[in-house]
Asker: 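If you scroll down you'll find the structure; I have some questions about it.
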Amino acid sequence: MKNTVFVCQNCGHQSPRWLGRCPGCGEWNSFVEEERITRAKPKRRQAVVPENRRPVRLSDVAASSCERRSTGIGELDRVLGGGLVPGSLILIGGEPGIGKSTLTLQVCDRQAAAGAGVLYVSGEESAEQLRIRAARLGIKGDSISVLCTVGLEDIVEAAQSLQPGLLVVDSIQTVFSSTLSSAPGSVSQVRECTAELLRLAKARQMTTVLVGHVTKFGAIAGPKTLEHMVDTVLSFEGERFQQYRLIRAAKNRFGSTNEVGVFEMADTGLVEVTNPSRFFLSDRRENVSGSAVAATLEGTRPLLVEIQALAARTPYALPQRVANGFDARRLSMLLCVLERRAGVNTSGQDVFLNVAGGLRIQEPAADLGVVAAVASSVRDAAVRPDCVLIGEVGLGGEVRSVSRAADRLKEAARLGFGSAILPRRNLSKKLDAGVEVFPADTVRQALEILEVVR
Ligand SMILES: Nc1ncnc2c1ncn2[C@@H]1O[C@H](COP(=O)(O)OP(=O)(O)OP(=O)(O)O)[C@@H](O)[C@H]1O
Ligand SMILES: [Mg+2]
């Protein structure tokens, strides 16, 4: 029998011959030849969590292990659902250079200061490199043990002898087990090494953080089963040329996946941004046409962002519609609504839209902000600077209701805004706004209130 097998790098599906398209997940060109796993099969499949052979009553199970330890970084605690759960396995994925190692080292420092033993395993950087980074971040590191290895067996041995409260493996794609003959980073290596680390984490009640690479499509490299195996998957986002970084939970067995942590990358590492709205509005110039402030939601937290638009007569037959941080097709739709329902014509004009700060908005509640910014640029009339815009725009030109209107208004009041335009259906007696609220039924009405359209 041939000693190699073709394995789908996306889902782990195996085939004796190369296939163009994986029958398991439908991915194209994902099969890579790997050596068969030569390890002798264990008699009984080893479970990844401590087993109990007899059923026990759920209420009798001790819940003490659910106590969380704060990471010492508030924004990260928010995403994790309150802190680190002992014995949990956390996977952090993100683009190269986004700050994964920086963040994990900062967590190590806070955990070491809190008295938890910390073991930092690096398969990518030398101990000297780690030392230089630690010095830059102002981390002394006298309670952090460092191990530079890619061998799974070395990691397990060190973890068993040191018994740390926190183990960091940077990165899981570099780790390999000598009992498997496939190459490091291959599906079988990543899966088996993660399973072994999971067993260790659960058996020793040791929080384990795995750093993961991402593919060019932004998904975590390795088999999809990797994400199923771990308790929490965090993804690191941010623009290369922007200072801010966002951390979201793509999956969390111990908390909500709605929360987002906001950080700023500085010389001294990742600094928490506890007031993101102020951060994203910091460069705003008031009384300039083509600028509007929208109240969006990032997770459950309201976030005020500046939306900028510029419309100008095009020299080309086909006008350009360019959107940064906003869906370009949705922009085209909103331009049509503006033309047909509010009489603001952009045909024959190039339209550029930008969400300031490099943020990406996916929420439709920012529609009214986009429409106001474009209309303001077309008419060259500035939007009232103290007004926040909230509302989804429908094809009929109607302003549709949004979720959590009260939270958005509260954030606007907190940042010193004086008024807000709100979908009329969101208006209720209970709404304790703190700002003057102008209800709007249609886009035209909203633009009239803003005095952009008369
Ligand atoms: N001296 C410095 N001053 C400011 N920022 C720095 C400095 N050195 C590095 N950085 C920032 O730190 C980032 C690298 O962080 P880090 O090594 O934690 O990323 P990573 O996600 O672990 O990358 P990789 O995928 O390569 O391991 C750089 O992209 C840069 O933004
Ligand atoms: Mg790194």
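In listed order, ligands and their atoms are each counted from 1. Worth saying up front: this structure is predicted, and the values here are computed from it rather than measured.
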Asker: Specify the closest pair of heavy atoms between V388 and A294, including all atoms of both residues, with the distance to one decimal.
Answerer: CG1-C, 4.4 Å
Asker: Please tell me whether Q320 and T314 have a donor and an acceptor in their side chains that are separated by less than 3.5 angstrom.
Answerer: no
Asker: Would you mind listing which atoms of ligand 1 come within a distance below 4.0 Å of any non-hydrogen atom of T102?
Answerer: 15 (O), 16 (P), 18 (O)
Asker: Quick one: do V79 and E75 satisfy side chain to side chain contact (heavy atoms under 4.5 Å, CB included)? Show the steps, please.
Answerer: CA-CA 7 Å; V79 182; E75 288 292 296; 6.0 Å; no
Asker: Heavy-atom distance to atom 10 (N) of ligand 1: which of R133, Q129, R136, M265 wins?
Answerer: R136
Asker: State the atoms of ligand 1, each with its element, that fall below the 4.0 Å cut-off from a heavy-atom position in E124.
Answerer: 27 (O)
Asker: Carefully, step by step, assess K202 and D231 under the rule salt bridge (charged side-chain N to carboxylate O under 4.0 Å, His left out).
Answerer: CA-CA 11 Å; K202 300 289 173 200; D231 296 311; 2.8 Å; yes
Asker: Is it the case that over 12 heavy atoms from other parts of the model lie below 6.0 angstrom from the CZ atom of R253?
Answerer: yes
Asker: Is the closest heavy-atom distance from G99 to ligand 1 below 4.0 Å?
Answerer: yes
Asker: May I ask you to identify the nearest protein heavy atom to atom 4 (C) of ligand 1, giving residue, atom name and distance to one decimal place in Å?
Answerer: D267 OD1, 3.2 Å
Asker: Look at atom 25 (O) of ligand 1 and say which protein heavy atom is nearest, naming residue and atom and giving the distance to 0.1 Å.
Answerer: K100 NZ, 2.9 Å
Asker: Are any of the N/O atoms in P96 less than 3.5 Å from those in ligand 1?
Answerer: no
Asker: Please say whether more than 12 non-hydrogen atoms of neighbouring residues, nucleotides or ligands are located less than 6.0 Å from CZ in R400.
Answerer: no
Asker: Less than 3.5 Å apart, any donor N or O on the side chain of T71 or Q111 sitting next to an acceptor on the other?
Answerer: no
Asker: Among all protein heavy atoms in this structure, tell me which lies nearest to atom 22 (O) of ligand 1, with the distance rounded to 0.1 Å.
Answerer: S101 OG, 2.6 Å
Asker: Between S177 and E196, is any side-chain donor less than 3.5 angstrom from a side-chain acceptor?
Answerer: no
Asker: Between ligand 1 and G97, is the shortest N or O to N or O distance under 3.5 Å?
Answerer: yes
Asker: Short check: is a protein heavy atom less than 4.0 Å from atom 30 (C) of ligand 1?
Answerer: no
Asker: Any N/O/S atom, side chain or main chain, of S171 closer to the Mg ion (ligand 2) than 2.8 Å?
Answerer: no
